[in-house]
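Got a structure for you, written out below as structure tokens; questions coming shortly.
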Amino acid sequence: MLAVFSGEVVEVPAELVAAGSRTPSPKTKASELVARFLGTCPSAAVSVRLAADLGHLAYSNANQALLRPRSFAAKDEVFCLFEGVLDNLGRLSQQYGLSKGANEVLLVIEAYKTLRDRAPYPASFMLSQLAGTYAFVLFDKSTNSLLVASDPEGKVPLFWGITADGCVAFSDDIDMLKGSCGKSLAPFPQGCFYSNALGGLKCYENPKNKVTAVPADEEEVCGATFQVEGSTVLAALH
């Protein structure tokens, strides 16, 4: 899956800018990244361009892991890419008033809308309810709000980086990003979320703990790794 957002939506993470500047390497523009993704995927790929060049969402079921299926949904101007499975989908569907046939991506959209409409309902509470293996990227077109999250154990790989024209890209495929983002690339930290409306990158397991970036060694593919303050476990490649 691939999600790319312009600077109007995502504040470019300073840590990734610094990582890319420290060890410069070739990059491409966001449009080239999207074209490359669509070019390597079969015709069944889903591609959605957001209005006013705000961003682009795309995914394909090609080569997906059996226990990490990818899905996409759009409802009430909320768009979501989801990869993985929720162990408590049935219970949460009932809690949010969804039908028995609802899948994970629809559940996340409904949970997000509850979070948005009941502010200051904390994002950490919503995300801590999700039990399973997952990563998702959600965009609310009505408010230009972005919410990205990864499960506490980081079992679904998710990476983010900065393209040559300053867009922020998210993908489960590191090879797709490294050709466009150079060293301004990092694993998205497990048990964390990014929200442009809720203060940037935070840990939902320990909301009071700051998330900081650790510069990677020169020979590493990624230029930085994020660590939750007080934790000895770094977000790692899976």
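Residue indices begin at 1 and follow the sequence shown.
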Partners of D151 by side-chain hydrogen bond (donor to acceptor under 3.5 Å, both in side chains), sequence neighbours excluded?
none

At their closest point, which heavy atom of A73 faces which heavy atom of L106, and how far apart are they?
CB-CD2, 3.9 Å

If Ile, Leu, Val, Met, Phe, Trp and Tyr residues are connected whenever their side-chain heavy atoms lie under 4.5 Å apart, and connections chain through other members, are V10 and L54 in the same group?
yes

Can the ring centroids of F159 and F188 be said to lie less than 6.0 angstrom from one another?
no

Parallel, tilted or perpendicular for W160 and F170, by the 30°/60° rule?
parallel

Going only through I, L, V, M, F, W and Y residues with side-chain contacts under 4.5 Å, is there a path from V4 to L38?
yes

Excluding sequence neighbours, so at least two apart, what forms side-chain hydrogen bond (donor to acceptor under 3.5 Å, both in side chains) with T212?
none

Please output the side-chain donor-acceptor pairs of residues 75-82 that fall under 3.5 Å, not counting sequence neighbours, one pair per line with the distance.
| from | atom 1 | to | atom 2 | distance (Å) |
| --- | --- | --- | --- | --- |
| K75 | NZ | E110 | OE1 | 3.2 |
| D76 | OD2 | K113 | NZ | 2.5 |

Salt bridge present between R70 and D172 (N-O < 4.0 angstrom):
yes

Which residues pass the side-chain hydrogen bond (donor to acceptor under 3.5 Å, both in side chains) test with T143, not counting sequence neighbours?
D140, S145

Partners passing side-chain hydrogen bond (donor to acceptor under 3.5 Å, both in side chains) against E15 (at least two apart in sequence or in another chain):
none

Start with the C-alpha gap between I162 and C181, add the side-chain angles, then the distance that decides, and say whether side-chain contact (heavy atoms from CB on, under 4.5 Å) holds.
CA-CA 5 Å; I162 305 169; C181 301; 5.6 Å; no

Salt bridge (Lys or Arg N to Asp or Glu O under 4.0 Å) partners for R49, two or more places apart
D53

Under 3.5 Å, is there a donor-acceptor pair between the side chain of N88 and the main chain of A131?
yes

